[in-house]
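Below is one structure, written out as structure tokens; the observations come after it.
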Amino acid sequence: SFTYTSLVHGLGRQGKIDEAYRFFERMLDEGHPPNAVVYTSLIKNFFMCGRIDDGHKIFKDMTRRQCKPDVTLYNTYMNCVLKEGDVKKGSEIFEEMKGCGYVPDVRTYSILMNGLIKAGEAQEAYKLYCAMKEQGCELDIHAYNITIHGFCKSGKVNKAYQLLEEMKVKGHPPTVISYGAVIDGLAKVDRLDEAYMLFEEAKAKGIALNVVVYSSLIDGFGKVGRIDEAYLIMEEMMQSGLNPN
RNA sequence: AGUGCAACAGGA
């Protein structure tokens, strides 16, 4: 099982999903029982190849063969359907998972929250954030970044800023993504001086800023007509070795 | 052996 699973995953991640699937069939033919790990890989890679229906079929096939899913498989499957924009199905998977007695972990919440936020349902995501905390589930870097993004998208930039501060005291130093999200949130509501201060703070901490963060600031300054400042930021970006895209 | 995060434009 381990040998075949490695092979199936290796081929799948290279986009050779049909070859991967053939080895999966061979694994079954040789009498090795399928497991949640190989199904996780197949589901993810069928979706990655745009073979959505086949991805769903794999999940059904798993249930038919009485192979028990686990939290990782549910997380993966949920992420796949959410990336397709199917929030309804994503929530259904979340409910099914809980209904079967699985306890959502920090990734489960992060994945579903991210899907909801992307679909413009930040208020639903906030409910999950509360549920996650109520469950006693500790936030990690990804969960913080997703939540920060959700607050920014729903006009609660101050809450986003608070979370950035919370990260510092809870032993999760904010990354370029955390700073980038708050900087973008501030810039989008024209709070450019505050955005710029955070930008300076991130630089002072030695965080390697990237084109995304610079673009947020350039867009913010440009949008309100502060073209000179936008231009200076772009020059600084190029001087730090980043090419405009 | 398998899972999660950020910007802008073309585009009304």
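Below, read A as the first sequence line, B as the second, and so on, with proteins coming before strands; counting in each chain starts at 1.
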Can you check nucleotides 9-12 of chain B for protein contacts, nitrogen or oxygen pairs under 3.5 Å, and list what you find?
none

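Between the P atom of G4(B) and the CG atom of Asn114(A) lies a distance of 11 Å, rounded to the nearest Å. Distance NZ (Lys83(A)) to C1' (U3(B)): 10 Å, rounded to an integer number of Å.
Between U3(B), G2(B), A1(B), one nucleotide has an atom nearer to the side chain of Ile111(A) than all others, and that is U3(B). Comparing A7(B), A1(B), G4(B) against the side chain of Lys188(A) picks out A7(B) as the nearest. Out of C5(B), A1(B), G2(B), the shortest distance to the side chain of Thr40(A) is found at G2(B). Candidate nucleotides A7(B), G2(B), G4(B) were compared by shortest atom distance to the side chain of Ser216(A), and A7(B) ranks first. Taking only side-chain atoms of Val37(A), from C-beta outward, the nucleotide of C8(B), G2(B), U3(B) with the closest atom is G2(B). Of all nucleotides listed (A6(B), G4(B), A1(B)), A6(B) comes nearest to the side chain of Ile177(A).
When Glu96(A), Lys98(A), Arg107(A) are each tested for a side chain to side chain donor-acceptor pair (under 3.5 Å) with Tyr74(A), only one passes: Glu96(A).
Between the side chains of Glu229(A) and Tyr196(A), not a single donor N or O lies within less than 3.5 Å of an accepting N or O. A side-chain N or O of Asn75(A) and one of Asp105(A) form a donor-acceptor pair less than 3.5 Å apart.
Under the 4.0 Å criterion applied to side-chain N and carboxylate O atoms, Arg64(A) and Asp61(A) are assigned as salt-bridge partners. Between Asp190(A) and Arg226(A), none of the side-chain N atoms (NZ, or NE/NH1/NH2) sits under 4.0 Å from a carboxylate O, so this pair counts as no salt bridge.
Nucleotides A12(B) and C8(B) place their P atoms 14 Å apart, quoted to the nearest Å.
In terms of hydrophobic clustering, with Ile, Leu, Val, Met, Phe, Trp and Tyr side chains grouped at heavy-atom distances under 4.5 Å, Val87(A) and Leu112(A) are assigned to a common cluster.
At a threshold of 4.0 angstrom between heavy atoms, the contacts of Ser41(A) are confined to the sugar-phosphate backbone, with no base atom among them. Contacts of Ala187(A) with the nucleic acid, taken as non-hydrogen atoms under 4.0 Å apart, are absent.
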